[in-house]
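Because only heavy atoms are used, hydrogens play no part in the values below, and waters and symmetry mates are left out as well, while side chains stay in.
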Amino acid sequence: MYLEKEKPVTKNQISAKEALQDYYIACLSRQLSIMGRREVHNGRAHFGIFGDGKEIAQIAYAKNFKKGDWRSGYYRDQTFMLALGLLEPEEFFAMIYGDTDDEINPSTGGRNFNNHFSTRNINDSGEIKDLADQYNSASDISSTGGQMPRLLGLAQASKMVRQQPELQKQLNNNVTGNEVAFGSIGDASTSEGIFFETINAAGVLQVPLAIAVYDDGFGISVPIELQTTKSSISEALKGFAKEKGSNGVDIYKCKGWSYPELIKTFKEGIDNCRKNQTPVVFHIDEVTQPQGHSTSGSHERYKTKERLEWEKEYDGINQMRKWLLDSGIADEDMLTEIEKSAQTRAKEARKKAWNNYTEGYQNERNELIKILKRIDKRSELQSLRRFEKVTDKIFPTRRSHLSFAKRLKLELHTMPELEDERDILKEWISSFEERTAGFYNKELYRTGADAALNVKKVAVEYDENATEVNGSVVVNKNFDALFTKYPNLVTFGEDTGKLGDVNQGMKGMQEKYGKVRVDDAGIREATIIGQGIGLAMRGFRPIAEIQYLDYLIYAQSQLSDDLATLQYRTKGRQAAPLIVRTRGHQLQGIWHAGSPMQMLLGSIRGMYLCVPRNMTQAAGFYNTLLEGNDPALVIEPLKAYNVKEKLPANHGEYKIPLGVPEIMQEGTDVTVVTYAWNVHHAMKAAKLLQDFKGISIEVIDVQTLMPFDVNHIILESIKKTGKVIFMDEDVPGGGTAYMMQKVIEEQKAFDYLDTAPRTLSAQEHRPAYGIDGEYFSKPNVELLFRNVYEMMREVEPDRFPEL
């Protein structure tokens, strides 16, 4: 039929056959959007967000996507994914239903929103390989603009290999240097600072990055004149435009409803981007959004009648249909047949996906029904009838089954004659909970052979006459060994390259290993982290440096929304083993002495959090983390760079296991749990207490806050001392409260306490300036001395009179 027409119909050699196939994909995608919205409105799904209106633009964009390329897009890219064969219609519906079957719903496994796509970048053995032979998509996040920073790193990987071709082999041939990183974003989201930060960084770095901006005139209900300067992102970006002899970006603009223009524009821009590695922005204007922002709202509420009429006329599929008819490629009957075929395919996919979803736990349901029938035989509870009333809903849920079973078990506690049935029901609940935990609650971190938690300890070795050097020398020597050991190791950050970072930990690394592997970056924390995420996903082992811990907040959304959730939201199908290096705690003033551990502990679960007391420990953590595939944050203590430490002999080899505290000094009276520079305060206080009243404190350095004391070393100490105090530099109720919960509740240490546990934290305000400001803002030796003494006095007031 229509597949027989092969004559080129555009200047870019798109044949009639290809044009008609594209029309089918566009129609199929539109039908999926329409049916997806109906599923939500009919109660068979909870929420949906779709890509209608952008169909033909995404098809034209996808034509330039080659194997080895990467996508970092947003939640309206369903047509792009369909065009590449990376999305099947069945998966589209499985995502809406939240199906937890990895085979049916591989992108999200039921953990992420619908239309949040991903492909696998790491295999079951923990190897990142074969990426050059497949189409690649980074896992989407909902945070508007959040896909932009990682796009920079995905593109930079190709630039680095082109600059230094020998890296290709070190990356298992995952990167050839000819790939393009494809981004997509809605026009309203270009108002986000991270969009402009990414454009600026891409223009400076000159990396093969492409961004399609889909402009439908609104950001949800807010019109473009309230979103963008000059009501046009391409006009607003003109200062970034690349000119002869300059860096910058190429900027294109075309109508989102003109199929021939889209084909021509995308091809020209991507070809140049791929060849010359010049970043490119496509402003795709006059696209529509026929069904509104999402299933939570209606666009009729904020669009005028005239606008709605215009959108109907200039809908991309409608305009493509007219073009196919006007150009003689197809007639009315042919296009009607294509449209019916697309509708049929969408209906079939919906039916199959719904059956897959509802049968996903049919076996467990049947087992529960058998138990209920047995209960009803021996009682008048009518449990089966009640069960069917509760669970037979349009949208069945595991929750309704489990909740009913648990409440029924409570009833059976009052019926001793049904003890056997209660035990059987209890077993069913336990089995059901274990299985569902695998769907929703596991794989926050890597679990296989490549898990950083499984890296074994290797002790630090010293020569017989080991010299004492500044801590900065210790970490510097260790980095030197690591750059030799790992050819795919790279680092970048503010002052990281030429200067060797502000504390000289990277001194000489750029000169020895080159600017490709050790480089400076502008003051742009969000895209520094984005670079690291993208590079890590493509097989590099990046260390992204944020100059001070206080400034990590400028990259907080990239850490929290993207990096920390990547392993979880893809159920281990994607990994980005990025190490974030920073420095913090005690120094000078509000923005150079921060310790916002409460913020980090609450927002970066999925990353490991290392808090070393000195530079030997910090180096040991880098050595450990590079052996695994988990992301991590390492906070080097600012005061440690100029403190003398013995120089290890086995640089790059000794490893500190994660989650294993170190007992710095044994004691019998009070357990002091702390980390980072406060370990030094605790050791000084321990000597004062021993000399003053013979008080013996056990000082424990937790070393990592995530994971935290996996072997319950602190519990064993409390069993001995009966008293515990938690100390850190965070605000009250922050890191100390976290440690207390871990020990008192999770380790069940309460039963072994002789007196109430205590926390010693910083003041509620940020640290004041100067040595005196620090002393009065944060814990110190004298405060710890007083707290320990008061704890002893609570237990033995006669022996320890009031001071």
Classify the angle between the aromatic ring planes of His592 and Tyr551 as parallel (below 30°), tilted (30 to 60°) or perpendicular (above 60°). perpendicular
Indicate the atoms forming the closest heavy-atom contact of Asn503 with Leu638, along with that distance. OD1-CD2, 4.3 Å
Between Gln547 and Asp495: side-chain donor-acceptor atoms closer than 3.5 Å: yes
Any Lys/Arg nitrogen of Glu790 or Arg786 sitting under 4.0 Å from an Asp/Glu carboxylate oxygen of the other? yes
Does CG belonging to Leu453 count more than 12 external heavy atoms closer than 6.0 Å? yes
For Ala593, is there any backbone N or O sitting under 3.5 Å from a side-chain donor or acceptor partner on Lys778? yes
Is the number of heavy atoms from other residues, nucleotides or ligands within 6.0 Å of CZ (Phe750) greater than 12? no
Below 4.0 angstrom, N of the basic side chain to O of the carboxylate: do Lys442 and Glu434 qualify? yes
Is the shortest distance from a Lys or Arg side-chain nitrogen in Asp562 or Arg569 to a carboxylate oxygen in the other one below 4.0 Å? yes
Please tell me whether Arg581 and Thr496 have a donor and an acceptor in their side chains that are separated by less than 3.5 angstrom. no
Between Arg446 and Asn629, is any side-chain donor less than 3.5 angstrom from a side-chain acceptor? no
Tell me whether Lys485 is salt-bridged to Glu627, with the criterion being a basic N under 4.0 Å from an acidic carboxylate O. yes
Flag the pair Met739 / Phe708 as yes when at least one side-chain heavy-atom distance between them is below 4.5 Å, and no otherwise. yes
Whether over 12 other heavy atoms sit under 6.0 Å from Lys719 NZ: yes
Over 60° means perpendicular and under 30° means parallel, so tell me whether Tyr622 and Phe479 are parallel, tilted or perpendicular. tilted
Is any side-chain heavy atom of Gln741 less than 4.5 Å from a side-chain heavy atom of Phe726? no
Lys684 atom NZ: more than 12 heavy-atom contacts under 6.0 Å: no
Within the supplied structure, the quantity of interest is the number of heavy atoms (other residues, nucleotides, ligands) at a distance under 6.0 Å from Tyr440 OH; does it exceed 12? yes
Any donor-acceptor N/O pair, Asn614 side chain to Thr616 backbone, under 3.5 Å: yes
Would you compute the distance between atom CG of Asn454 and atom OG1 of Thr447 and round it to the nearest 0.5 angstrom? 8.5 Å
Does a donor on one side chain sit under 3.5 Å from an acceptor on the other, for Gln556 and Ser603? yes
Could you tell me whether the side chains of Tyr675 and Asp728 share a donor-acceptor contact shorter than 3.5 Å? yes
Distance-only side-chain donor-acceptor flag, Glu494 / Tyr548, under 3.5 Å: no
Would you check if Lys693 and Met792 make a side-chain contact, meaning some heavy-atom pair closer than 4.5 Å? no
Check whether the side chains of Glu794 and Thr755 place a donor and an acceptor atom closer than 3.5 Å, and report yes or no. yes
Looking only at heavy atoms, which two atoms of Gln690 and Ser696 are closest? And how far apart? OE1-CA, 3.8 Å
Quick one: are the ring centres of Phe692 and Phe785 less than 6.0 Å apart? yes
Could you check whether Glu545 pairs with Arg583 (Lys NZ or Arg NE/NH1/NH2 to Asp/Glu carboxylate O, under 4.0 Å)? yes
Are the side chains of Met706 and Arg605 in contact, using a 4.5 Å heavy-atom criterion? yes
What's the shortest heavy-atom distance between Leu578 and Ile529, and which atoms? CD2-O, 3.9 Å
Taking the basic N atoms (NZ, or NE/NH1/NH2) and the acidic carboxylate oxygens, is any pair closer than 4.0 Å for Asp709 and Lys742? no
If we only count heavy atoms from C-beta on, is the Arg399 to Leu402 side-chain gap below 4.5 Å? no
